[in-house]
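I have placed the structure first, in the form of structure tokens, so that the comments after it can refer back to it.
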Amino acid sequence: MRLMLDAEVLKAILASNMSERECLAALFTSYVETAKLTEEEAVEEARAKHRAVVEWIASSSEKPRSFLWFCDVFDFDAGSVRRALQEKR
């Protein structure tokens, strides 16, 4: 089973010097909050997150935590990543 990292949890992790235990606690809390939702609410939340991520990837912003910023940090070619994602759809 693959669990996705919630965007708000990721922002909190990146904005701080969280310990590994704090990161795990944030992830656990995120998963518990998702489990509290009805299936319909979870589906709508997932759709909204998907739309936001697609917009984030398409953005030309180079601000910290933007798609291009992450690509630079991890030494990924943004165009190659975008093309690979397009092929998966």
Side-chain angles (χ1 to χ4, degrees):
M1 173 172 48
R2 192 176 115 211
L3 297 174
M4 296 181 66
L5 180 62
D6 183 89
E8 293 304 313
V9 174
L10 179 58
K11 285 180 189 176
I13 291 168
L14 292 171
S16 68
N17 291 323
M18 295 175 77
S19 69
E20 182 178 354
R21 184 170 177 81
E22 290 169 322
C23 290
L24 292 173
L27 287 171
F28 181 78
T29 300
S30 174
Y31 299 150
V32 169
E33 291 302 314
T34 298
K36 290 180 184 179
L37 300 174
T38 65
E39 187 173 343
E40 293 79 19
E41 291 169 331
V43 167
E44 183 51 41
E45 185 175 291
R47 284 186 178 126
K49 284 181 183 180
H50 180 266
R51 286 189 296 270
V53 169
V54 168
E55 289 176 14
W56 176 76
I57 290 169
S59 172
S60 60
S61 174
E62 295 182 6
K63 294 179 185 177
R65 294 181 291 283
S66 67
F67 173 76
L68 294 176
W69 179 86
F70 273 102
C71 286
D72 186 53
V73 167
F74 294 117
D75 198 28
F76 295 152
D77 177 70
S80 295
V81 174
R82 287 175 171 150
R83 281 188 296 281
L85 291 170
Q86 268 310 93
E87 291 172 7
K88 290 286 184 180
R89 287 194 219 152

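Note that the structure is a prediction, hence the values are computed from the model and not measured.
When the side-chain contact (heavy atoms from CB on, under 4.5 Å) test is applied to Glu44, the partners found at least two apart in sequence or on another chain are Arg47, Arg51. The side-chain contact (heavy atoms from CB on, under 4.5 Å) search around Ser59 returns Ser61, not counting sequence neighbours. Considering only residues two or more places apart in sequence or on other chains, Ser60 meets the side-chain contact (heavy atoms from CB on, under 4.5 Å) condition with none of them. Under the ring-ring contact (aromatic ring centres under 6.0 Å, His included) criterion, Phe76 pairs with Phe74, sequence neighbours left out. Looking at residues two or more places apart in sequence or on another chain, you find no salt bridge (Lys or Arg N to Asp or Glu O under 4.0 Å) involving Asp75. Take Arg82 and apply the salt bridge (Lys or Arg N to Asp or Glu O under 4.0 Å) test, not counting sequence neighbours, and it matches no residue. Scored by the side chain to side chain donor-acceptor pair (under 3.5 Å) test, Glu55 finds no partners at all (sequence neighbours excluded). For Glu41, there are no salt bridge (Lys or Arg N to Asp or Glu O under 4.0 Å) partners at least two apart in sequence or on another chain.
The cluster map of Ile, Leu, Val, Met, Phe, Trp and Tyr, joined by side-chain heavy atoms under 4.5 Å apart, puts Trp69 and Leu85 in the same cluster. With hydrophobic clusters built from ILVMFWY side chains whose heavy atoms lie under 4.5 angstrom apart, Phe67 shares a cluster with Val53.
Residues near Val54 contribute nothing to a hydrophobic cluster around it, because no ILVMFWY side-chain heavy atom sits closer than 4.5 Å to its side chain. Hydrophobic cluster membership of Phe28, counting Ile, Leu, Val, Met, Phe, Trp and Tyr whose side-chain heavy atoms lie under 4.5 Å apart directly or via other members: Val32.
Using a 4.0 Å cut-off between a side-chain N of Lys or Arg and a carboxylate O of Asp or Glu, Lys49 and Glu45 qualify as a salt bridge.
Listed by first and then second residue, the salt bridge (Lys or Arg N to Asp or Glu O under 4.0 Å) pairs that reach into residues 21-35 are Glu33-Lys36, sequence neighbours excluded.
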Report the C-alpha distance between Arg83 and Asp77 in whole Å, list the side-chain angles of each, state the deciding distance to 0.1 Å, and finish with yes or no for side-chain contact (heavy atoms from CB on, under 4.5 Å). CA-CA 10 Å; Arg83 281 188 296 281; Asp77 177 70; 3.9 Å; yes
